[in-house]
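Worksheet for the structure shown next.
The figures that follow rest on heavy atoms only: side chains count, while hydrogens, waters and symmetry mates do not.
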Amino acid sequence: MKEKTPLQRYQSMVDWNLYRLKQNKASLEKLNKLLPGFDYTEEADETYKADYDDLLSLKIIYETGIRNFESKVDYYRALILETESAK
């Protein structure tokens, strides 16, 4: 198998992070549609309360992941530009 060039490796990272970004955005969108259907009430079952808290935590995880993937895409795109301009 032929070894990839740095540009090809960077582009692979861009592609991977764009894929994960798209997945996280879709999951967050679904979660944001789902969350209004739930509410936190004191009389709710303990498992329900825990699951509700987990959904809120998951929302934060998706939001953080999205920012991280966007940052990675920017980083690798900058490396690609830098590598191309060095030629």
Side-chain angles (χ1 to χ4, degrees):
M1 180 190 289
K2 184 180 171 189
E3 188 172 315
K4 290 183 174 185
T5 67
L7 279 174
Q8 291 170 322
R9 287 192 297 269
Y10 299 154
Q11 186 58 54
S12 292
M13 286 299 228
V14 168
D15 295 343
W16 171 250
N17 284 289
L18 284 173
Y19 167 76
R20 292 301 301 142
L21 176 61
K22 181 180 175 183
Q23 295 296 312
N24 272 26
K25 282 184 174 182
S27 294
L28 179 60
E29 203 173 290
K30 288 178 184 177
L31 185 57
N32 281 333
K33 288 178 184 174
L34 178 71
L35 278 173
F38 295 106
D39 60 344
Y40 190 91
T41 61
E42 288 302 319
E43 55 275 345
D45 175 86
E46 290 303 315
T47 301
Y48 176 89
K49 289 179 186 179
D51 287 344
Y52 180 78
D53 287 342
D54 286 348
L55 290 175
L56 293 177
S57 296
L58 191 56
K59 180 180 177 182
I60 293 168
I61 291 167
Y62 284 138
E63 291 168 342
T64 303
I66 287 167
R67 287 191 300 273
N68 182 49
F69 291 127
E70 289 171 337
S71 175
K72 294 286 185 170
V73 168
D74 291 343
Y75 176 80
Y76 284 108
R77 284 182 172 160
L79 279 177
I80 289 170
L81 291 174
E82 183 180 308
T83 303
E84 287 176 336
S85 67
K87 286 183 175 183

Answer with yes or no whether the hydrophobic clustering places [X] together with [Y]; edges join I, L, V, M, F, W, Y residues whose side-chain heavy atoms lie under 4.5 Å apart.
X	Y	value
Val73	Trp16	no
Tyr19	Ile66	no
Leu7	Met13	yes
Leu35	Leu58	yes

Return the minimal non-hydrogen interatomic distance between [X] and [Y], and the atom names on each side.
X	Y	answer
Thr41	Lys49	O-CE, 3.3 Å
Tyr48	Asp39	OH-O, 2.9 Å
Val14	Tyr76	CG2-CB, 3.4 Å

Measure the [atom1]-[atom2] distance between [X] and [Y] for me, rounded to the nearest 0.5 Å.
X	Y	atom1	atom2	answer
Gln8	Thr83	CD	OG1	12.0 Å
Asn32	Lys59	CG	NZ	4.5 Å
Glu70	Leu18	CD	CG	10.0 Å
Ile61	Leu55	CD1	CG	10.5 Å
Lys25	Glu29	NZ	CD	10.0 Å

- List for me each residue that meets salt bridge (charged side-chain N to carboxylate O under 4.0 Å, His left out) alongside Lys30, sequence neighbours excluded, and say none if there are none. none
- Item | Contact check, side chains of Leu28 and Asn24, non-hydrogen atoms, under 4.5 Å | no
- Message: I'd like to know if the side chain of Ser71 and the backbone of Arg67 have a donor-acceptor N/O pair within less than 3.5 Å.
- Response: no
